[in-house]
Protein chains: 2
Amino acid sequence: MESVPHIAVVDDHRDIRDLVGKYLTQQGYRISVAESGSALRRLLERNAPDLIILDIMMPGEDGLSVCRQLRRSTELPIIFLTAMADDTDRIIGLELGADDYLIKPFNPRELLARIRAVLRRVNSLPPQREMPKAKTISFERWSLDVGRRELLGGDGVGVPLSTAEFRLLKAFLEHPGMVLSRDQLMDLTVGRSADSFDRSIDNQVSRLRKKVEVDPKNPSIIKTHWGGGYSLCAEVERA
Amino acid sequence: MESVPHIAVVDDHRDIRDLVGKYLTQQGYRISVAESGSALRRLLERNAPDLIILDIMMPGEDGLSVCRQLRRSTELPIIFLTAMADDTDRIIGLELGADDYLIKPFNPRELLARIRAVLRRVNSLPPQREMPKAKTISFERWSLDVGRRELLGGDGVGVPLSTAEFRLLKAFLEHPGMVLSRDQLMDLTVGRSADSFDRSIDNQVSRLRKKVEVDPKNPSIIKTHWGGGYSLCAEVERA
DNA sequence: TTGGTACGGCACAACTCTGCGACAAACCGC
DNA sequence: GCGGTTTGTCGCAGAGTTGTGCCGTACCAA
């Protein structure tokens, strides 16, 4: 989570999703919403969040079973946010592997504080001894050092990236080959949706191409899909 | 944490200590009790627990300041257990770096569930290898004497560092090359999270640069990453 | 070919983020 | 408590980045 933490809000009530989503967006988080467990699973496939806020009482699959299932495969932090007020419910929720449990009606600032507490714990980075960096993603003749936010050329020369460029490139590298619409790219980089005549992504792509492509006029790495978006066209290797 | 988790219970009321202690012992934990912040500190020296349960309202030093102080030096999980029921109190507690917050009167089973949730998270974390305690860390033409909290120049001249400066520098030296966000730096230095308009880190960086950089206006050791944070840009060597 | 739309790139304006001096609040040893 | 030190806040100036307008070009559908 080098950029903006990404939080998924799962609740069958639109107003709650909107409320929580809006508040957390305001607080600088990137938000995805889902109205059911299956919607959450679709979301996970596309774009895994750093934390999940989960309602319990939902029609169909309930939050507890969603949690149980998530825990089988992941360690994603989960915070229950629900109207069930009974001690026992809280205990069951926590026993299922949730990280925290907050009761509706809730104070948004408390939700925020709890989110931060959980993320703080999850992200606490262990001290590193050496410079050799952990996570780098290689493609073509480049390698992106995610921790250091630096793009290294095959010749070992570093190209400085701006924040937006870094996020954009990271978004591409995390979805290699996939055609990403401007809207998705906006979502992945700044966490807001593009209004219809937004050309900012085009611009960022252009800027990024200038740094990454051999011949920016004839891009070979970041391909344009007319009317669709862009895609990264390269073998990527994570190390 | 080898086999049995060790939990410290800090509360000025004997009955609470006994109650919680007994219950948790029954549940298979190893318990230590302390009736005040200073008692806790003595306990920490002898035998560090895996988790601390902390009351807020205590005569003398209150739980919040105990928490603040603990966070400066450790990442020990802390759960507040207290009668203060106000939202705001909870938020403050969590912002100070606590992991959870439970209100008296409480259901022991909920306490247990929350303890488990926190420990589960902590233990599932990175292999959290203990860093061999280095006495001094060298970089560029400096060496930091960690024990004496003193910065020695190549010419043997010592530069005094304030506490915050020392912590900041240490944080950088322990994560060389990494881009650290203000939030992470807050975490690493004072153990609390930064609210969005916090500029204190900028200031500390500025102050530190004045002591460390050859030309503070054109920093070469502590680099700024626009929109991202700061990073230490130097070979470090631990001894 | 022609019209309509989407994209590329340039340049500039607006904006956001940062550096840092100054000040005030908090802290600390006495 | 008291004076010195340290640390957080405010505010402004300056730096760097990002979005927008514009126009030329590429692409698609008749």
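In the text below, chain A, chain B and the rest are named by the order of the sequence lines, each starting its count at 1. From a predicted model like this one, the values you see are computed outputs, not experimental measurements.
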Could you list all N or O pairs between the protein and nucleotides 10-12 of chain C that sit under 3.5 Å apart?
| unit_1 | atom_1 | unit_2 | atom_2 | d |
| --- | --- | --- | --- | --- |
| dC10(C) | OP2 | Lys210(A) | NZ | 3.2 |
| dC10(C) | N4 | Asn203(A) | ND2 | 3.4 |

Could you tell me whether [X] atom [atom1] has more than 12 heavy atoms of other residues or ligands within 6.0 Å of it?
X         : atom1 : result
Arg148(B) : CZ    : no
Lys211(A) : NZ    : yes
Glu237(A) : CD    : no
His13(B)  : NE2   : no
Lys223(A) : NZ    : no

Atom-pair distance ([atom1] on [X]; [atom2] on [N]), nearest Å:
X         : N       : atom1 : atom2 : answer
Asn218(B) : dG14(D) : CG    : P     : 16 Å
Leu169(B) : dT7(D)  : CG    : P     : 13 Å
Lys223(B) : dG16(D) : NZ    : C1'   : 15 Å
Leu161(A) : dT18(D) : CG    : P     : 10 Å
Arg167(B) : dT6(D)  : CZ    : P     : 14 Å
Arg68(B)  : dT7(D)  : CZ    : C1'   : 13 Å
Glu213(A) : dG8(C)  : CD    : P     : 11 Å
Phe197(B) : dG8(D)  : CZ    : C1'   : 16 Å

Ion pair Arg121(A)/Asp99(B), N-O distance below 4.0 Å:
yes
Strictly below 4.0 Å, N to O, side chains only: are Arg141(B) and Asp155(B) in salt-bridge contact?
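Asp155(B) and Arg141(B): not salt-bridged.
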Enumerate the residue pairs fulfilling ring pair (Phe, Tyr, Trp, His ring centres under 6.0 Å) with a member in residues 59-88 of chain B, sequence neighbours excluded, ordered by first and then second residue.
Phe80(B)-Tyr101(B)
Closest nucleotide of DNA chain D for Val190(B) versus for Val190(A): which of these residues is on the 5' side?
Val190(B)
If you measure only the distance, is there a donor-acceptor pair under 3.5 Å linking the side chains of Asp198(A) and Ser200(A)?
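Yes, because at least one side-chain N or O of Asp198(A) sits under 3.5 Å from a partner of the opposite role on Ser200(A).
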Which atom pairs link the protein and nucleotides 13-18 of chain C when you take only N or O atoms and keep those under 3.5 Å?
| unit_1 | atom_1 | unit_2 | atom_2 | d |
| --- | --- | --- | --- | --- |
| dC17(C) | O3' | Gly227(B) | N | 3.3 |
| dT18(C) | OP1 | Arg182(B) | NH2 | 2.4 |
| dT18(C) | OP1 | Gly227(B) | N | 3.1 |
| dT18(C) | OP2 | Arg182(B) | NH2 | 2.7 |
| dT18(C) | O5' | Arg182(B) | NH2 | 3.3 |

Presence of Ser162(B) side-chain N/O under 4.0 Å of dT5(D) phosphate oxygens OP1/OP2:
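No, because none of the side-chain N or O atoms of Ser162(B) sits under 4.0 Å from OP1 or OP2 of dT5(D).
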